[in-house]
Amino acid sequence: MVCGGFTCSKNALCSLNVVYMLVGLLLIGVAAWGKGFGIVSSIHIIGGVIAVGVFLLLISIVGLIGALNHHQVMLFFYMVILFLVFLFQFGVSCSCLAINKGQQVKLLSATWTLMSNDTRLGVENKLNCCGLLNNTQSKEQFNEDGKLCNAPCKHNRLCFTCGDLMLQHAAEALKILGAVGLFFSFTEIWGVWLAARYRNQKDPRANPSAFL
């Protein structure tokens, strides 16, 4: 069987969808790690990444079932939805890579200001830090947070600012998400082409008089 044959196309499409399932789980896992750790919960891009991961996981399952059964309808919807996922994933991945430290600081500062004192204390205890950022713009807020802070590190007088910890891990999470998402978004175009090609191929085991 040549590489362009029915069996080769079927195996390639199945393998590609298994990879998409793994990528979807990876995106969800990294985004959930960043969000659950409390370091990037204020960045709405993370929610977009989780959505992309979930959609990619679901559509890969549909594609895998459609490829195994050579199901025309499932393969058609797989192609359409996968192309939409590509557009969304490409945009989100570029946003993850494009956001700089200054923009992250603004997002964190705006969210920190909207938090209640109880929420701030919860974040400080969870990350073992005090205050958000000790800079000129937020000096007054930082001093107020320092008085209220009851994190364990305060007893040792060796506290890091929460903003520094958040920014450090946020940068790592955004780089991983952006790079992985951008790389695999281009493979989705190949997946759309492969699905369209496979959909129009004739199953050699099917009825010879059938068109597809």
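Remember, predicted model here, so these are calculated numbers, not experimental data. All values below come from the heavy atoms of this structure, side chains included, with hydrogens, waters and symmetry mates left out.
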Do any N or O atoms from the side chain of [X] and from the backbone of [Y] form a donor-acceptor pair under 3.5 angstrom?
X: Ser9; Y: Tyr198; answer: no
X: Arg199; Y: Leu75; answer: no
X: Ser60; Y: Leu57; answer: yes
X: Tyr20; Y: Glu188; answer: yes

Exercise. Compare the SG-SG distance of Cys130 and Cys162 against 2.5 Å and report whether it is shorter.
Key: no

Quiz item: Would you say the SG of Cys153 sits less than 2.5 Å from the SG of Cys129?
Solution: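 No, the SG atoms are not under 2.5 Å apart.
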
pair [X]-[Y]: side-chain heavy atoms closer than 4.5 Å:
X: Met74; Y: Ile65; answer: yes
X: Tyr78; Y: Asn17; answer: yes
X: Leu56; Y: Ile59; answer: yes
X: His71; Y: Val73; answer: yes

Self-check item: Phe88/Phe55 under side chain to side chain contact (heavy atoms under 4.5 Å, CB included): CA gap, chis, key distance, verdict
Solution: CA-CA 10 Å; Phe88 188 57; Phe55 273 98; over 6 Å; no

Quiz item: How long is the span from the CG atom in Leu68 to the SG atom in Cys14, to the nearest 0.5 Å?
Solution: 4.0 Å

Practice problem: Group every Ile, Leu, Val, Met, Phe, Trp and Tyr by side-chain heavy-atom contacts under 4.5 Å, then state whether Leu22 and Trp190 land in the same group. | Solution: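 In one cluster with Leu22: Trp190, no.
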
